[in-house]
Each structure stands twice: as structure tokens, then as C-alpha cells.
Asker: 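I'd like to ask you about the structure that follows.
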Number of protein chains: 2
Amino acid sequence: MYEIFQKYLDEKAELTQAESERIQSFAIIKKLRKRQYLLQEGDVWKYDAFITQGCVRTYTVDEKGGEHVNSFSIENWWTGDRESLMLQQPSRFNIDAIEDTELILFTHENFEMLCKEIPGFNNMVNAILQRSFIAAQNRIQASLALTAEEKYLNFVNKYPSFASRIPQTMIASYLGMTPETLSRIRKQTAKK
Amino acid sequence: MYEIFQKYLDEKAELTQAESERIQSFAIIKKLRKRQYLLQEGDVWKYDAFITQGCVRTYTVDEKGGEHVNSFSIENWWTGDRESLMLQQPSRFNIDAIEDTELILFTHENFEMLCKEIPGFNNMVNAILQRSFIAAQNRIQASLALTAEEKYLNFVNKYPSFASRIPQTMIASYLGMTPETLSRIRKQTAKK
DNA sequence: TCAAACTCTTGATCTATATCAAGTTTTTAC
DNA sequence: GTAAAAACTTGATATAGATCAAGAGTTTGA
């Protein structure tokens, strides 16, 4: 499965052969079965994690047991809890697999070392962070300005592949509404 | 006013005297009067902007004329529209001054050049981006999981100084509720 | 300094979405 | 292959927060 990450690197970063090999030497392959946790609330997150196959969700659980999905991540994207990682504090988030999933992990020390050693890698990492931040801003914007129906249409438009592979309950939670409301919205919009 | 930025740099970045001076040589001082725009929807944002004094808000306007506040930024923080900057596309956001405000601007070309030239500066910029991303994640989390009252208490707790200097209408918008609702919540919580 | 323009508050009413409940379909796991 | 569990739908009802309206303070600017 490393080839998928290698291809990603080839596309996104300018690296010499030696640098590529150095990066690979620190990669840890990890497989998750559907429903398996990658991170549980209370644990400290210690990795930078790239998904080569599958899909995970990041969510919190409130006192009443309600789950609130913060994000979905699929193949060719990164996952983890940056706050827990940076501050080395217990995470408020859970991350688990929605499908059987394969990841490549780097311990944060190794990852930081690679960033310091390899400018091309560092640049790629920064570019990813920029994009993540922009995406988060847009999500905030949507949550403030859109109605439930608009949020759903916006979501489907932005991530067409997600609607089919992720259970509606989770999408509803991600959009900040109940599954019932999402079900009714889908019925409504299907008519049009 | 440059001293304020200089102090920030001294605290946050490891720089030689020469590097500090080089950074300063590209700084553009800008003053905004209350209500004055820094960025208007439709314009392309071209700077990295640091606030030395005052307060701005970043917001969108919907078709019905409703304003949705995405963020507040005060002295010792950065502002701008990263999406517009990165993609060089017209911004969906407005940024204007809530108080008379002073900023330091760097054109993005100069800023990028400084990042490339000066590793200590680059590291600082990345650290800021990390923190911004973490803050955005937490905001998403709060918007999904909290009630209106909890959102307000969380906001006051996190940014105690904001409640007194920013009009309630804008805070309400930032929290995703109407000014009336915020007014009632404040009345409620004052009792307790 | 005074009128116009905001800002905040409070009350009455409305509505989008939540909650509760029950039935149907789909998926999972032995 | 089948029973149990999970996911989705639909209807009835409830509610948090929105909207509308009007009055009291406060700020702004000629």
C-alpha cells in the first residue's frame, strides 16, 4: 500500500530519490477494521497519519452520548488530532474507521525530523495545512450562513463521493442536523 | 507602531538582527478608521496583515443582506483571507475595522520571499497556521455540539476581553444566533 | 448640541428543526 | 441462510431560537 503514498509524494512534493527513500524508512503501515478506533477520547495523539485506503471519521461525544462528527477523511488525505499532537494533551476527539482502512503513520518526532531535513517535504506539509485551514474556514462559513437544506446541497456538491459511501446518520451529524431532518431534505430535493 | 510587531517577532521567532531588519524593510504601515474596509467582497486579497492596534471583523453578506461574522482579530494577531490570497481569486469575505485600527502589511510576494530566506520566520509562520487551524477546528466543534447559551459562555470564557469591546450584534452573528437571542441569554446568565 | 442613526432590550408570535415513536429496509455476523 | 442489529423513512408533536415590533439608551457627526 505504500505505493499510494509514494504516488502522492511524487505529485505533491519535490524530492530526490534519496529523500523519498528516507521518508519511506520511517513509514508505519496500519490497518483498521470497520468501527475500529484510531484514536480514543482521552488518549494523546502521537502521529501524522495518511490514509491510503478507506475512510475515517473524527467526532466528539457529549454528556448525553450524542456524537458530533467534526470531519471525514478518505484515501489520499490526512487525519489525526493536531491539537492533541501539538500540545501533547489528551484528545477530546475519537477517530474510527467507517470502512476497513489502511494508513501510513509517522511518529511525530520522525515527522518533524523529516520536515527539518527535507525542505521539499516541509513545503508540502505547509501547503496541506494551508488547505486544511481554508477548508475549515469554509465549513464555519457554511454553518453560519446556510439553512439545513443548503448545507446538504453544498456538501453533496463539494464532496459528491461522500454521500454514497458514508451513512446518512453521520453526514447529518457532520452537517449539524438530525438524521430525520436529513432524510426529509433528501426526499424533498429528490423531487426537484 | 512597528515596535509592537518587533516585540511580537522577538517573542515568537528566532531571528538575527540582520533578519529582523530585513523583515522590517518590507513592512507597510496601514491605518483604518472605524468602519473602514480592509478587504471588500469581490476583491483579491494580496497581503499578510498583522494588527498592532485595534480590532477587525471578517464576515460574509448573504443575498438577503444578512451579515455572518466569521472571525474577529485584535492586536497581536493576523487577519486576511487566505483562500483569496492562495488561489488569487476574488474574496467572498469583507474585512472591516470595528475600532480605529493599525496594521502592518506585507505583500504576499515579499512575505513568501521572507519565508524562503529566513527559516526562523518560516517556522513562526507555520506555528501560527497550526494554531489558526486548531482554533478553527474548535470553533466547528462548538458550533456542532453546543446550545446557544453554551456557545456564548464558551466564547466569553475563551475571549473575555472581546465581550466588552465588540458590539453584541456582531458577537451574536459570530455565534450563529440573532442579537435578540443573545440579549436574552445574557439576561438569563446574569441572574445566576 | 441636537437630530439621526445605531444598539440593546423586551414582548408576542412564528417556524425550522428536534424529538419521540413505529414501521421498513439493509447490513452484519454466526 | 437467517436472526439480530443497524440504518433509513415517515408521521405526530414539541421547542429552541427566529422574526416582527416597538420603546429606551447610546453614539455619531454636522
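From a predicted model like this one, the values you see are computed outputs, not experimental measurements. In what follows, chains are A, B, ... by sequence order, proteins preceding strands, each numbered from 1.
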Asker: Toward the 5' end of DNA chain D, which comes first, B/L146 or A/T181, by nearest nucleotide?
Answerer: A/T181
Asker: With nearest nucleotide decided by heavy atoms, which residue, B/M170 or A/R184, maps closer to the 5′ end of DNA chain C?
Answerer: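 Its nearest nucleotide lies further toward 5', so the answer is B/M170.
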Asker: If the cut-off is 4.0 Å, is B/T178 near the phosphate of D/dG17, judged by side-chain N/O to OP1 or OP2?
Answerer: no
Asker: Would you kindly give the CE-to-P distance between A/M177 and D/dC8, to the nearest whole Å?
Answerer: 14 Å
Asker: Give a yes/no on whether any side-chain N or O of A/K187 is located under 4.0 angstrom from OP1 or OP2 of D/dT9.
Answerer: no
Asker: Specify the separation, in whole Å, of atom CD of A/E99 and atom P of D/dA7.
Answerer: 14 Å
Asker: Check this for me, if you would: do A/E99 and A/K34 make a salt bridge, where the nitrogen-to-carboxylate-oxygen distance has to be below 4.0 angstrom?
Answerer: no
Asker: Looking at CD of B/E112 and OG1 of B/T107, how far apart are the two atoms once the value is rounded to the nearest 0.5 Å?
Answerer: 10.0 Å
Asker: Classify A/G66 by what it touches in the nucleic acid, base, sugar-phosphate, or nothing, heavy-atom distance under 4.0 Å.
Answerer: nothing
Asker: Let me know the distance between NZ of A/K151 and P of C/dT17, rounded to the nearest Å.
Answerer: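 Going from NZ in A/K151 over to P in C/dT17 covers 8 Å.
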Asker: Would the base of D/dC20 count as contacting B/E180 through its side chain, where contact means a donor and an acceptor less than 3.5 Å apart?
Answerer: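 Present.
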Asker: Could you state the CD-P distance from B/E150 to D/dA16, rounded to the nearest angstrom?
Answerer: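 Roughly 12 Å, once rounded to whole Å.
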Asker: Is A/R186 salt-bridged to A/E180, going by a charged N under 4.0 Å from an acidic O?
Answerer: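 Between A/E180 and A/R186 there is no salt bridge, as every charged N stays at least 4.0 Å from the carboxylate O atoms.
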Asker: Measure from NZ on B/K34 to P on C/dC6 and round the result to the nearest Å.
Answerer: 12 Å
Asker: Assign each of A/L182 and B/T147 to its nearest nucleotide of DNA chain D by heavy atoms, then name whichever residue's nucleotide is nearer the 5' end.
Answerer: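 Final value for this comparison: A/L182.
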Asker: Starting at CG of B/L175 and ending at P of D/dG17, how long is that distance when rounded to a whole Å?
Answerer: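 Spelled out: CG on B/L175 to P on D/dG17 is 12 Å.
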Asker: Does a side-chain N or O from B/S183 land closer than 4.0 Å to OP1 or OP2 of C/dT9, or not?
Answerer: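 Answer is yes, contact under 4.0 Å.
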Asker: Rounded to the nearest Å, what distance is computed from the CD1 atom of residue B/I166 to the P atom of nucleotide D/dT27?
Answerer: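 That distance rounds to 16 Å.
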Asker: Does atom CD of A/Q88 have more than 12 heavy-atom neighbours, drawn from other residues, nucleotides or ligands, at distances under 6.0 Å?
Answerer: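 It does: A/Q88 CD has more than 12 such atoms within range.
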Asker: Angle class for the B/F111/B/H108 ring planes (parallel below 30°, perpendicular above 60°, tilted otherwise)?
Answerer: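 Parallel: the ring planes of B/F111 and B/H108 meet at under 30°.
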Asker: Where each residue is assigned the nucleotide of DNA chain C containing its nearest heavy atom, which of B/T169 and A/A148 is assigned the position nearer the 5′ end?
Answerer: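 Upstream on the strand: B/T169.
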Asker: When the distance from CZ of A/R186 to P of D/dA7 is rounded to whole Å, what number comes out?
Answerer: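 Checked: the CZ to P distance equals 15 Å.
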